[in-house]
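Structure record follows, encoded as structure tokens.
Here, residue 1 is the first one in the sequence, and each next residue gets the next number. Only heavy atoms go into these numbers, but all of them, side chains included; no hydrogens, no water, no symmetry mates.
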Amino acid sequence: MIRKLGRRVTMIIGGVMSMVGSGVAFMMAGNTAAVYGGTAVSGIGTMFFMYSINTFIGDSIDHVEYSQGIRAEGITAALVGFVHSFSNGIGQGLFNLGLMIAGYTTPVQIGTDADGIALYADQTAAATTWINFSYQGAFVLMGLLFFVLFAFFNDIEAHMPTVHDALQERKRAECEAQGIEYIPAQELERMEKEAQKAEAEENRIRELKEYCAKRGKDFDTENQKVLDKRAKKAAKKAARKARKK
């Protein structure tokens, strides 16, 4: 989804799904189907932006380096961890404070039904509403926050090509000044993948030779089977891409 729509649009869609799903579940708290359905929709939407948001951390680090000339990777990682832990503590404290103000009490058993199932006294209406709001309402607010942030304010993704090009030129100039060959990050990544692929192929061939030696099978025949499967899989993949175009 991110590849097709981009991270910003994915975040906006996730925010809308979270708001709508949790909003339905919150407003229709007594309807089991509405609660289950709304929570499911909200969960999917939350998954969109919870997994996508972390990808912006690297962009933020690059943007700081671009604008300030400082690569703040360590302090960024520490700050993210600190804010996460701190906000969890604040959230738990606010939730417990709300329960106390709403008059939440320890569940008290008042009897059993005909099937022997324990029955407990109801909580106050304020406590029940607070629990529902803390669970569903919090996701409504979070979805709204991400929607507004990425729909109207955060446009860092649009600037990243310029940022990456500028950083690449800086590193190229630094390497030239030091007499060092400059290799772009994309090229380094490609070279690493090629090296890993070559190593994996060497290991496969070695293991296949050992297997054929133990079982008395012809290596060339068995190896060709593997290559044929690869070719067939590659052809199917190419056909799918062609259909999409």
Side-chain angles (χ1 to χ4, degrees), residues 1-23 41-95 137-197 244:
M1 187 171 182
I2 291 177
R3 290 181 179 178
K4 291 183 178 181
L5 302 178
R7 292 176 297 170
R8 180 170 174 269
V9 175
T10 300
M11 297 284 282
I12 293 173
I13 293 174
V16 171
M17 291 180 66
S18 181
M19 284 189 292
V20 172
S22 289
V41 172
S42 175
I44 295 173
T46 303
M47 180 179 65
F48 284 174
F49 57 71
M50 290 302 291
Y51 282 98
S52 300
I53 190 65
N54 291 325
T55 65
F56 286 92
I57 296 176
D59 289 348
S60 300
I61 294 173
D62 288 342
H63 196 275
V64 170
E65 182 181 7
Y66 168 73
S67 60
Q68 304 298 323
I70 301 174
R71 187 77 180 172
E73 291 182 341
I75 191 172
T76 300
L79 183 61
V80 169
F82 169 76
V83 170
H84 184 268
S85 299
F86 183 76
S87 59
N88 281 343
I90 293 297
Q92 188 65 49
L94 290 174
F95 175 69
F139 284 99
V140 173
L141 296 178
M142 186 165 57
L144 177 61
L145 172 65
F146 279 104
F147 173 79
V148 172
L149 179 64
F150 283 90
F152 301 106
F153 296 101
N154 192 316
D155 60 347
I156 188 173
E157 192 173 18
H159 299 290
M160 291 317 297
T162 301
V163 171
H164 289 154
D165 290 343
L167 292 178
Q168 183 170 300
E169 289 302 318
R170 287 182 190 176
K171 292 176 182 177
R172 189 192 305 277
E174 291 175 0
C175 289
E176 289 178 355
Q178 299 176 17
I180 302 174
E181 180 186 4
Y182 172 73
I183 302 177
Q186 297 87 341
E187 181 63 16
L188 284 174
E189 183 179 1
R190 187 194 66 78
M191 293 169 62
E192 290 177 358
K193 288 182 178 179
E194 289 294 330
Q196 293 172 358
K197 185 178 179 180
K244 289 181 180 179

Closest non-hydrogen contact found for F48 with M11 is O-SD, 4.5 Å

Answer yes or no: is there a side-chain heavy-atom contact under 4.5 Å between Y66 and R170?
yes

Strictly distance-based, threshold 3.5 Å: is any side-chain N or O of S22 a donor or acceptor partner for the main-chain N or O of M19?
no

Could you state the interatomic distance from CD1 (I61) to CD1 (I70), rounded to the nearest 0.5 Å?
13.0 Å

Between R172 and E169, does at least one N-O distance fall below 4.0 Å, as a salt bridge requires?
yes

Is it the case that atom CZ in F56 sees more than 12 heavy atoms from other parts of the structure closer than 6.0 Å?
yes

Mind checking the CD-OH spacing from Q168 to Y182? Nearest 0.5 Å is all I need.
3.5 Å

For I75, is the CD1 atom crowded, meaning more than 12 foreign heavy atoms sit under 6.0 Å from it?
no

Interatomic distance, H63 atom NE2 to M160 atom CE [nearest 0.5 angstrom]
7.0 Å

Which residues share a salt bridge (Lys or Arg N to Asp or Glu O under 4.0 Å) with E192, sequence neighbours left out:
none

Any chance you could measure E65, atom CD, to K171, atom NZ, to the nearest 0.5 Å?
5.5 Å

I'd like to check the salt bridge (Lys or Arg N to Asp or Glu O under 4.0 Å) partners of E73; sequence neighbours left out, ordered by chain and number.
R71

Quick one: side chain to side chain donor-acceptor pair (under 3.5 Å) partners of Q196, sequence neighbours excluded?
none

Could you pull out the closest heavy-atom pair between D62 and V163, with the gap in Å?
O-CG1, 3.7 Å

Could you check whether R190 pairs with E187 (Lys NZ or Arg NE/NH1/NH2 to Asp/Glu carboxylate O, under 4.0 Å)?
yes

Counting distance only, does the side-chain N/O of S18 pair as donor-acceptor with the main-chain N or O of F139 below 3.5 Å?
yes

